[in-house]
A.B. asks: 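Below are the structure tokens for one structure; questions will follow.
For this chain, numbers begin at 1 and follow the sequence in order. FYI, side chains are in, hydrogens and waters are out, and symmetry mates aren't considered; it's all heavy atoms of this structure.
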Amino acid sequence: MRQLVESPDEPNAVERIARLTQAQNSRLAEVLGEGARSGSVRADLDPDDLATTLWAALNGLPSLAWRPGSLGADQKTIDRLLAVYLMAVRDGLRDREQDR
């Protein structure tokens, strides 16, 4: 994670990481597009934008481990936040009780 923020000693590492990230996001966008076409994923969201948003959110969680002071979080907190993220992605943000 820090390699994307602080250049490592290896000169081409950041570019290689960027290419891998782009390839993974492209594949995720393809899967999300397939889901939109089948009706299992919202069709009103752009698959490329959604893939980038999901990637960015997930990359932010691990960065909490190395942030200083009150900006940081311990592993237990990061695990809890990841569980919340996954529930929100899976179930959405709307209160299901209000939908009844």
A.B. asks: Is there a path of hydrophobic side-chain contacts, each under 4.5 Å between heavy atoms of I/L/V/M/F/W/Y residues, joining Leu61 to Val84?
C.D. replies: no
A.B. asks: Might you point out which heavy atoms bring Pro62 and Asn59 nearest each other, and give the distance in Å?
C.D. replies: CD-O, 3.3 Å
A.B. asks: Are any of the side-chain heavy atoms of Thr21 and Asn25 separated by less than 4.5 Å?
C.D. replies: yes
A.B. asks: Would you say that Leu64 contacts Asp74 through its side chain, given a criterion of any heavy-atom pair below 4.5 Å between the two side chains?
C.D. replies: no
A.B. asks: Determine whether Met87 and Leu82 fall in the same hydrophobic cluster, where Ile, Leu, Val, Met, Phe, Trp and Tyr are linked whenever their side-chain heavy atoms lie under 4.5 Å apart.
C.D. replies: no
A.B. asks: Got Leu50 and Trp55 here, is their nearest side-chain heavy-atom distance under 4.5 Å?
C.D. replies: no
A.B. asks: Please give me the minimum heavy-atom distance between Gly60 and Ser63, naming the atom from each residue.
C.D. replies: O-OG, 2.6 Å
A.B. asks: Please tell me whether Val41 and Val31 are part of a single hydrophobic cluster in this structure, the criterion being side-chain heavy atoms less than 4.5 Å apart.
C.D. replies: no
A.B. asks: With rounding to the nearest 0.5 angstrom, report the OH to CD1 distance, Tyr85 to Ile78.
C.D. replies: 15.0 Å
A.B. asks: Between Asp44 and Arg42, is there a salt bridge with N-O shorter than 4.0 Å?
C.D. replies: yes
A.B. asks: Evaluate side chain to side chain contact (heavy atoms under 4.5 Å, CB included) for Trp66 paired with Leu71, printing each intermediate quantity in order.
C.D. replies: CA-CA 9 Å; Trp66 52 267; Leu71 293 175; over 6 Å; no
A.B. asks: Can you see which heavy atom on Ala36 is nearest to which on Ala43, and at what distance?
C.D. replies: CB-CA, 3.9 Å
A.B. asks: Could you grab the distance from atom CG of Leu32 to atom CG of Leu45, nearest 0.5 Å is fine?
C.D. replies: 9.0 Å
A.B. asks: Give a yes or no on whether the backbone of Asp49 and the side-chain of Thr52 come within a donor-acceptor separation of less than 3.5 Å.
C.D. replies: no
A.B. asks: Would you call Gln24 and Arg27 a side-chain contact if the rule is heavy atoms closer than 4.5 Å?
C.D. replies: no
A.B. asks: Give the minimum heavy-atom separation between Ala29 and Ala51, together with the two atoms involved.
C.D. replies: N-CB, 3.8 Å
A.B. asks: Let me confirm one number: the CD-CG distance from Glu30 to Asp48, rounded to the nearest 0.5 Å.
C.D. replies: 9.5 Å
